[in-house]
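Notes for the one structure printed next.
The chain is numbered in sequence order, starting from 1.
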Amino acid sequence: MAILFCSSLDPAGRWREALARELPHLETRIYPDIGDPGTIDYALVWAPPPGLLAALPRLKLIASIGAGVDHILADPSVPRHVPIVRLVDPATTRLMSEYVLAQTLRLHRQDLLYEAQQRAGIWQWHEQPDPAERRVGILGLGRLGTDAATRLKANGFDIAGWSRTGKTLDGIACFSGGEGFDALLRRSDILICLLPLTAATENILDRRAFDHLPRGASVVNVARGRHLVDADLLEALDSGQLAYAILDVFREEPLPPDHPFWRHSRIVVTPHVAGAAEVRTAAPIIADAIRRAEAGLPLRDVVDPERGY
Ligand SMILES: NC(=O)c1ccc[n+]([C@@H]2O[C@H](COP(=O)([O-])OP(=O)(O)OC[C@H]3O[C@@H](n4cnc5c(N)ncnc54)[C@H](OP(=O)(O)O)[C@@H]3O)[C@@H](O)[C@H]2O)c1
């Protein structure tokens with residue numbers, strides 16, 4: 001019995017060591033050295049090449065090295081009878097909430113404006129609103145969105161969130177559905193995207209969405225690059241409809257050197273670091289999923305392929 005590890009982003013050697021410690025009875029094979037495909041029971045993947053998972057006849061479990069599974073479901077040949085679990089790691093949640101809180105505070109405290117003023121040698125004071133006057137809207141109230149909302153709320157911000165199904169969260173205005181989307185946008189000075197990438201959410205950060213935000217709002221995208229229509233963002237920034245965009249994820253990663261986002265004075269680029277998976281904390285969670293699959297126990301954090309997350 002073997003685990004197939006396939007990711008061009010994650011440290012294969014460290015994963016192999018960690019899995020050997022957790023699951024010494026299983027061999028870990030690192031793509032492309034997969035050996036006999038008929039002896040692979042489990043696959044641990046990030047963006048596997050199309051057709052790879054379908055070519056493993058004994059596959060019992062697919063585990064995503066990340067909270068999202070769009071990089072797996074993008075391959076239509078992925079066998080539908082094999083359960084897919086995603087990585088739900090409290091360490092990732094903490095990292096993500098730290099990032100969201102840090103960037104929200106940065107926008108709230110007008111840091112990007114003061115940084116621009118420093119570059120131009122301008123000593124100028126701007127009125128500083130109270131956090132309670134700063135309306136933050138979070139798209140996606142799942143594991144990450146809910147934690148970020150709670151942390152922002154604890155810092156005094158006026159928080160609202162949007163999800164597919166209706167929710168009740170203490171002290172957070174909850175919206176859902178198409179009308180709820182527009183209502184959330186209208187009351188978001190800072191809009192944070194923490195949605196999974198699905199057919200329903202692709203290109204959701206487009207001109208229409210930006211036009212519904214209050215003039216001078218800012219956008220933080222920490223979900224996936226394909227939520228954002230790049231050209232619409234540039235247009236909204238250049239027209240003044242949006243003040244700033246803080247982006248951790250991009251349609252193409254690494255962001256190509258000639259992409260206009262790199263040099264835009266009101267865009268902040270970070271290299272997909274908001275909530276990156278750590279082998280140390282993630283390996284025991286993946287190992288637990290494999291042990292559960294081996295023992296025939298109910299799996300945790302199973303993805304619904306029809307829903308797309
Ligand atoms: N930048 C990074 O480093 C990084 C790290 C980790 C994750 N991520 C991204 O963050 C995403 C969210 O992760 P998570 O663990 O919070 O996911 P999750 O627990 O599955 O939560 C997803 C949330 O989005 C909502 N949603 C899904 N489709 C929707 C739709 N069509 N309309 C409205 N709401 C919708 C869900 O609504 P319901 O509650 O009604 O189901 C849920 O509240 C991941 O999919 C991944 O792409 C990025």
Side-chain angles (χ1 to χ4, degrees), residues 6-7 9 42-54 56 59-89 92-93 96 137-149 161-167 174-182 184-185 191-206 208-209 220-230 247-253 272 274-277 282 285-286 289 293 298-309:
C6 177
S7 165
L9 292 183
Y42 309 106
L44 175 56
V45 296
W46 178 270
L52 174 67
L53 298 172
L56 307 175
L59 194 60
K60 297 191 183 73
L61 178 73
I62 300 166
S64 167
I65 314 174
V69 290
D70 47 291
H71 58 97
I72 297 172
L73 296 177
D75 174 2
S77 75
V78 169
R80 289 290 151 137
H81 64 277
V82 180
I84 303 174
V85 293
R86 66 193 193 95
L87 179 61
V88 175
D89 181 347
T92 304
T93 308
M96 178 59 83
I138 302 180
L139 301 177
L141 284 174
R143 300 276 189 152
L144 301 179
T146 302
D147 193 74
W162 183 66
S163 50
R164 196 175 53 84
T165 56
K167 296 214 181 315
C174 294
F175 297 88
S176 59
E179 279 179 24
F181 181 60
D182 291 353
L184 176 112
L185 294 175
L191 182 71
I192 295 164
C193 182
L194 267 170
L195 288 165
L197 180 66
T198 67
T201 64
E202 183 164 9
N203 298 327
I204 197 164
L205 301 174
D206 63 358
R208 184 189 173 281
V220 179
N221 187 18
V222 273
R224 287 287 183 265
R226 279 163 57 199
H227 286 124
L228 176 68
V229 180
D230 293 6
L247 308 174
D248 184 54
V249 286
F250 303 90
R251 284 184 175 261
E252 190 181 340
E253 295 182 4
H272 201 143
I285 297 168
I286 298 290
L299 296 168
R300 298 188 174 118
D301 304 310
V302 178
V303 168
D304 176 350
E306 300 309 318
R307 217 176 49 167
Y309 68 100

For Arg224 and Gly68, the nearest pair of non-hydrogen atoms, with its separation, is NH2-CA, 3.6 Å

Smallest heavy-atom separation, Tyr42 atom then Ala293 atom, equals CE2-CB, 3.9 Å

Are the aromatic ring centres of Phe181 and Trp162 under 6.0 angstrom apart?
yes

CE of Met96 to CD1 of Ile192, rounded to nearest 0.5 Å, is 10.5 Å

When you compare the side chain of Leu139 with that of Leu184, does any pair of heavy atoms fall below 4.5 Å? yes

- Taking side chain as C-beta onward, heavy atoms only, is Thr201 less than 4.5 Å from His227? yes

Distance col, row Leu205:CG vs Leu247:CG, nearest 0.5 angstrom, shows 9.5 Å

SG of Cys193 to CG of Leu228, rounded to nearest 0.5 Å, is 9.0 Å

Task: Other residues, nucleotides, ligands: >12 heavy atoms within 6.0 Å of Arg226 CZ - done: no

Interatomic distance, CD1@Ile72 vs CG@Leu53, rounded to 0.5 Å, equals 7.0 Å

Heavy-atom nearest pair, Pro49 first then Cys6, reads CD-SG, 3.6 Å

Scanning both residues in full, the closest heavy-atom pair of Val69 with Tyr309 reads CG2-CA, 4.3 Å

(message) If you apply the rule side chain to side chain contact (heavy atoms under 4.5 Å, CB included), what do you find for His81 with Leu59, and how did you get there?
(response) CA-CA 10 Å; His81 64 277; Leu59 194 60; over 6 Å; no

With Leu61 as partner, the option from Val302, Leu44, Leu299 fulfilling side chain to side chain contact (heavy atoms under 4.5 Å, CB included) is Leu299

Check: Pro305 and Leu73 side chains under 4.5 Å, non-hydrogen atoms: yes

For residues 74-87, the salt bridge (Lys or Arg N to Asp or Glu O under 4.0 Å) pairs (sequence neighbours left out) are Arg80-Glu306

*Is there side-chain contact between Val222 and Leu194, with heavy atoms separated by less than 4.5 Å?*
yes

Notebook entry, point to check: What's the verdict on side chain to side chain contact (heavy atoms under 4.5 Å, CB included) for Arg143 and Asp301, showing C-alpha distance, side-chain angles and the deciding distance?
Noted result: CA-CA 11 Å; Arg143 300 276 189 152; Asp301 304 310; 2.7 Å; yes

d(Leu141 CG, Asp147 CG) to nearest 0.5 Å is 11.5 Å

OG1 (Thr92) and CG (Leu144) are apart, to the nearest 0.5 Å, by 7.5 Å

Residues Ala54 and Ser77: closest non-hydrogen pair is CB-O, 3.3 Å

Between Thr198 and Arg307, is the side chain to side chain contact (heavy atoms under 4.5 Å, CB included) condition met? List the steps. CA-CA 8 Å; Thr198 67; Arg307 217 176 49 167; over 6 Å; no

Closest non-hydrogen contact found for Lys60 with Val82 is C-CG1, 3.6 Å

With sequence neighbours left out, the residues meeting ring-ring contact (aromatic ring centres under 6.0 Å, His included) with Phe250 are none

